[in-house]
Amino acid sequence: MPPFPSPARPPSAQGPFGHALAGLLDVLLPADCAGCGSERTQLCPACRHALATARPAPTPLPWTHAAAPYTGPVRQLLLAHKERGALRLAAPLGEALGRAVRSALGARAGAAPLLLVPMPSARSAVRARGHDPTLRLAGAAARSLRRAGLDVRAAPLLRHARPVADQAGLNAAERRRNLHGALTVLPRARTGRAGLAGPGSLVGPGSLAGRHPVLVDDLVTTGASLAEAARALADAGLPVRAGATVAATVRPAD
């Protein structure tokens with residue numbers, strides 16, 4: 001038994017204060033591994049290796065690649081970052097997302113400047129969690145890809161145009177109908193001025209020109225959300241070159 005018990009995570013509903021406290025506790029008293037539960041480390045070497053060596057998983061969309069299947073430690077790591085405020089996991093998860101971007105683009109990865117466009121989170125979800133997990137992962141992936149020599153920025157260009165029903169329990173066709181027309185592009189993105197608030201590494205005003213959009217998300221299930229986002233960007237004159245996610249829900253047949 002460790003000399004000091006690992007601290008309990010503050011609930012995500014505590015908002016920004018809860019996440020600030022969680023970050024401080026991570027430094028002072030590291031929690032158990034978010035992937036497997038190993039003591040006194042937020043990400044153990046075994047889970048880090050599993051995330052770093054995962055092969056691209058099949059997705060419902062041919063133009064989208066995922067870094068790993070949504071199972072085991074990968075599932076637990078994504079849930080810890082998204083719902084429990086384990087913000088230090090953004091870096092390794094962002095590196096996995098960056099690998100999925102390169103896998104999706106193939107030889108085109110370094111052919112032109114890239115713009116990572118995260119799937120938008122509902123404002124209520126951002127308030128409840130105290131952060132925007134997908135926007136954070138997009139920024140981490142952009143930094144990882146720049147370290148590899150690519151010209152990459154990230155920017156939140158999408159927003160919700162109307163409320164949608166809960167996707168849980170809906171099949172693929174029902175999800176597509178539920179989401180059709182649900183997303184739109186921010187007006188500033190249509191004019192090429194995407195300097196919006198958010199984590200570091202976002203694009204500045206006027207820097208959209210010549211960049212190839214790549215949709216990014218933490219998880220793909222049926223692909224309905226990514227397809228709707230691609231439609232919204234295409235309607236705004238920003239055709240998507242590829243999609244990438246950290247994980248994909250894989251059916252037994254896959």
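- The line from CG of Leu114 to CZ of Arg211 is 8.0 Å long, rounded to the nearest 0.5 Å.
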CA sep, side-chain torsions, deciding dist, call: Arg231, His180, side-chain contact (heavy atoms from CB on, under 4.5 Å): CA-CA 9 Å; Arg231 178 210 59 79; His180 182 69; 4.2 Å; yes
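- If you take CG on Leu77 and NZ on Lys82, they are separated by 14.0 Å, rounding to the nearest 0.5 Å.
- Within the 4.5 Å cutoff, side-chain heavy atoms of Leu215 are placed close to those of Leu233.
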Given side-chain contact (heavy atoms from CB on, under 4.5 Å), test Leu115 with Leu157 step by step and report yes or no. CA-CA 10 Å; Leu115 180 67; Leu157 304 187; 3.7 Å; yes
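- Tyr70 places none of its side-chain heavy atoms less than 4.5 Å from the side chain of Thr221.
- For the side-chain contact (heavy atoms from CB on, under 4.5 Å) test with Arg75, the passing option among Leu79, Thr71, Leu78 is Leu79; the others fail.
- Within 6.0 Å of the CZ atom in Arg55, the count of heavy atoms belonging to other residues, nucleotides or ligands does not exceed 12.
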Test side-chain contact (heavy atoms from CB on, under 4.5 Å) on Val74 and Leu51; report intermediate values, then the result. CA-CA 7 Å; Val74 174; Leu51 188 63; 4.1 Å; yes
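- Note: Leu43 CG to Ser38 OG = 10.0 Å, rounded to the nearest 0.5 Å.
- Leu87 CG to His131 NE2: the interatomic distance, rounded to the nearest 0.5 Å, is 5.5 Å.
- Annotation for Gly243 and Ala104: closest pair O-CB, 3.4 Å, computed over non-hydrogen atoms.
- In terms of heavy-atom proximity, Ala244 sits nearest to Leu97 at O-CD1, 3.5 Å.
- Counting non-hydrogen atoms of neighbouring residues, nucleotides and ligands closer than 6.0 angstrom, the NE2 atom of His49 reaches no more than 12 such neighbours.
- Here the straight-line distance linking atom OG1 of Thr245 with atom CE of Met119 works out to 11.0 Å at 0.5 Å rounding.
- Of the charged side-chain nitrogens involved, none lies within less than 4.0 Å of a carboxylate oxygen, so that Asp132 and Arg136 do not count as a salt-bridged pair.
- Residues Gly98 and Leu145 share a closest heavy-atom pair of O-CD2, 3.5 Å.
- Between Glu95 and Arg147 a salt bridge is recorded (basic side-chain N to carboxylate O distance below 4.0 Å).
- Smallest separation of non-hydrogen atoms from Arg48 and Pro92: NH1-CB, 4.1 Å.
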Steps toward side-chain contact (heavy atoms from CB on, under 4.5 Å) verdict (His81, Leu137): CA-CA 10 Å; His81 173 260; Leu137 290 182; 3.8 Å; yes
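- Expressed to the nearest 0.5 Å, how far CG of Leu93 lies from CG of Asp218 amounts to 9.0 Å.
- Leu135 is not listed as a side-chain neighbour of Ser121, based on a closest heavy-atom distance of 4.5 Å or more.
- Pairing each heavy atom of Ala232 with each of Leu158, the nearest pair is CB-CD2, 4.0 Å.
- For the pair Thr59 and Ala248, the tightest heavy-atom approach, listed with the atom from each and the gap, is CG2-CB, 4.0 Å.
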